[in-house]
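From a predicted model like this one, the values you see are computed outputs, not experimental measurements. Chain A is the first sequence line, chain B the second, and so forth, proteins listed ahead of strands; every chain is numbered from 1.
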Protein chains: 2
Amino acid sequence: MLPELKLQPLRCVLAIIDQGGFHAAARHLHRSQPAISMAVRDLEERLGQPLFEKGNGKATLTPFGQWCLPRFRELVAHHDRVSRDALAMASHQAGRVDIATVPSVASRVMPGILASFVIDFPGIEINLQDGHSELVSQMVLAGEVELGITSLWQPEEGLEFIPLLHDEIGVVCRDDHPLAGHARLHWRELAGQPLIRNGTSRLLEGSPAAELLERSALYISNMISLTAMLEAGIGITTLPRLAFQEEHARLRFVPLSAPRLERRIGLICRAGVSLSPAAAAMQRHVMAYLTDRGA
Amino acid sequence: MLPELKLQPLRCVLAIIDQGGFHAAARHLHRSQPAISMAVRDLEERLGQPLFEKGNGKATLTPFGQWCLPRFRELVAHHDRVSRDALAMASHQAGRVDIATVPSVASRVMPGILASFVIDFPGIEINLQDGHSELVSQMVLAGEVELGITSLWQPEEGLEFIPLLHDEIGVVCRDDHPLAGHARLHWRELAGQPLIRNGTSRLLEGSPAAELLERSALYISNMISLTAMLEAGIGITTLPRLAFQEEHARLRFVPLSAPRLERRIGLICRAGVSLSPAAAAMQRHVMAYLTDRGA
DNA sequence: GCAGCATGGTAAGGCTTCCTGATCATTTTA
DNA sequence: TAAAATGATCAGGAAGCCTTACCATGCTGC
């Protein structure tokens, strides 16, 4: 029913007008002149009307051709725009990545990663959100973000996990606390200390140190409140090293040597769904960045 | 540089999504299923990114594919719109004709022509202007209108003339005028009559009756003023029959038999420039209409 | 007036593209 | 577990498209 207007012949028509002749158009399109003639003839046959005046030496548009010209030009421009955009998207020169991470990663790891990423891929827009680890998993599962960087408590259905970092658990206390000078600690040394639980405390579960949790009366999820408590000397807590904010001069981090505990931080994304080009670039970038510096 | 996105593969992608699978798309596009697979693969290679998820049984878009889909849909829709409009234009189902005629033709001939034209070509827009014959020629030459219907004083460079009607010259006078009862007149019978010249009087030039013009003191170009003068009995005039308005009960038209004069009314258009499809349809229609009824 | 150069159109051959039909591997369904 | 449906792959052939060579025509400068 509808004739299929191929783009190449349309380009020929535009080139003939813009370059002022069949020969010039042929040169411009890197074709031979007969190719131009035939493309035009084929197009005219499809439309059922001549586009160019015949007989006179010069290449002139018929009124029908004049009517068609701007529409052809628009269509070709539209094609080129789609083609260019798609190529930019595919080659990581454009696009958008939405990432969610736990706060510790967002503040301690992501800045370095993103700083180099935006240099390598200046066209890609980045959207970084942070939240506790279960929220991160949920956002990835729901498709709100394509990538997550977090620790998984357990393998979750529908999520793929790529390990990135081992994040060692330690004890955090004020610098004048008796434990502050230790190079490492056995969990029994914490017995009797006022332990403040936080969102990462469940990392102790399943280890001998778990019984410490049972004797803890204080739970604080907010990190700012927690550090304020610690600085006030109200008690001690356990944290992964990344979550420990080194800029607090009066707080000390002492690794827990027995049991040696860690959280495994990794990249998560939905299983079975491939990433957008931009997200794939980010994923590769994250992995290269963290393996270069040693996990 | 830019990959050439052919429309057929894009249609394949749309069909796969809309019909829900490669086989369904193949049926819908009247192609074999491998053709669809190959078209998609080729398109993916051009873009450098997969559009469909591989491995799982179903046909699902990658995020990149989801990004592309609406753009592909737009581009294909744009193509179809251009194709449909161009075809409508070419096949006289749409378009526009601008015509200029002399007033007599506009009021006496065009109504019948246009009445049947709009039935045959309901999609074509018509723009009819009238003016004296030299204005008509000018408008055609300047390209303001594509077609003119008028009489040419002389063959004009750049204009093509297709004769349509012979329009006989006669004398117009009031019904109580001594000449009103004649069936025909010899020019000498007009001698001594007060002759009012008008825009068509130069048709007498070059004939024996030309000397009547020299003895005429009154020239009136406006047809309404002229008929008012005639009805007032101020004088007589000469007019082509078509220009004589029969609805004036008190005026009579008496053909001039010696010399027998006529103006040749015809279609004019620019030489060497082909007509738009709509104008060509109009031209054919006018010629068929007037030859059917005898010139 | 005629050679020379430009225009665009035409014809025959070859290369590339694209489609088909048969077949395969995998997943879903009964 | 057999059957059906999915999409992928491959070889062969048809069609489209491009190229080289040649033709017809119109303009230009001597």
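Side-chain proximity of Ala35(A) to the nucleotides dG8(C), dT19(D), dA8(D) is greatest for dT19(D). The nucleotide whose nearest atom lies closest to any side-chain atom of Ala59(B) is, among dT20(C), dG7(D), dC18(D), dG7(D). The nucleotide whose nearest atom lies closest to any side-chain atom of Phe22(A) is, among dT7(C), dC19(C), dG8(C), dG8(C).
In summary, the side chains of Arg27(A) and Ser32(A) do not present any donor paired with an acceptor at a separation below 3.5 Å, with no hydrogens or angles considered. Looking at Thr62(B) and Gln66(B), their side chains never bring a donor and an acceptor atom within 3.5 Å of each other.
Rounded to whole angstrom, the span from the CD1 atom of Ile36(B) across to the C1' atom of dT9(D) amounts to 16 Å. For the pair Arg11(A) CZ and dC17(D) P, the interatomic distance rounds to 15 Å; values are reported in whole Å. What separates CG of Asp42(B) from P of dG7(D) is a distance of 19 Å, to the nearest Å. Atom P of nucleotide dT26(C) and atom CD of Gln33(B) are separated by 16 Å, given to the nearest angstrom. Across the protein-nucleic acid pair, Ile16(B) atom CD1 and dA5(D) atom C1' stand 16 Å apart, rounded to whole Å. In this structure, the CZ atom of Phe52(A) is 14 Å from the C1' atom of dT7(C), given to the nearest Å. Straight-line distance from the CD atom of Glu4(A) to the P atom of dC17(D): 11 Å, rounded to whole Å. Rounded to whole Å, the distance from CD on Gln8(A) to C1' on dC17(D) is 11 Å.
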Just distance, no hydrogens or angles: give the donor-acceptor pairs under 3.5 Å from side chains in residues 2-10 of chain B, sequence neighbours left out.
from    : atom 1 : to       : atom 2 : distance (Å)
Glu4(B) : OE1    : Arg11(A) : NH2    : 3.2

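Residue His23(A) has no polar side-chain atom (N or O) positioned under 4.0 Å from OP1 or OP2 of dA6(C). Checking the phosphate oxygens (OP1, OP2) of dA8(D), a side-chain nitrogen or oxygen of Ser37(B) falls inside 4.0 Å.
His78(B) and His78(A) have tilted rings, their planes meeting at an angle from 30° to 60° on a 0 to 90° scale. Between Phe64(A) and Trp67(A), the ring planes lie parallel to each other; the angle is under 30°, not in the 30° to 60° tilted range.
Using a 4.5 Å cut-off on side-chain heavy atoms (C-beta onward), Val286(A) and Ile162(A) make no contact.
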For nucleotides 10-16 of chain D, tabulate all protein N/O to nucleotide N/O atom pairs closer than 3.5 Å, reporting atom names and distance.
none

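Taking the six-membered ring where the residue is Trp, the centroids of Phe52(B) and Phe22(B) are separated by under 6.0 Å.
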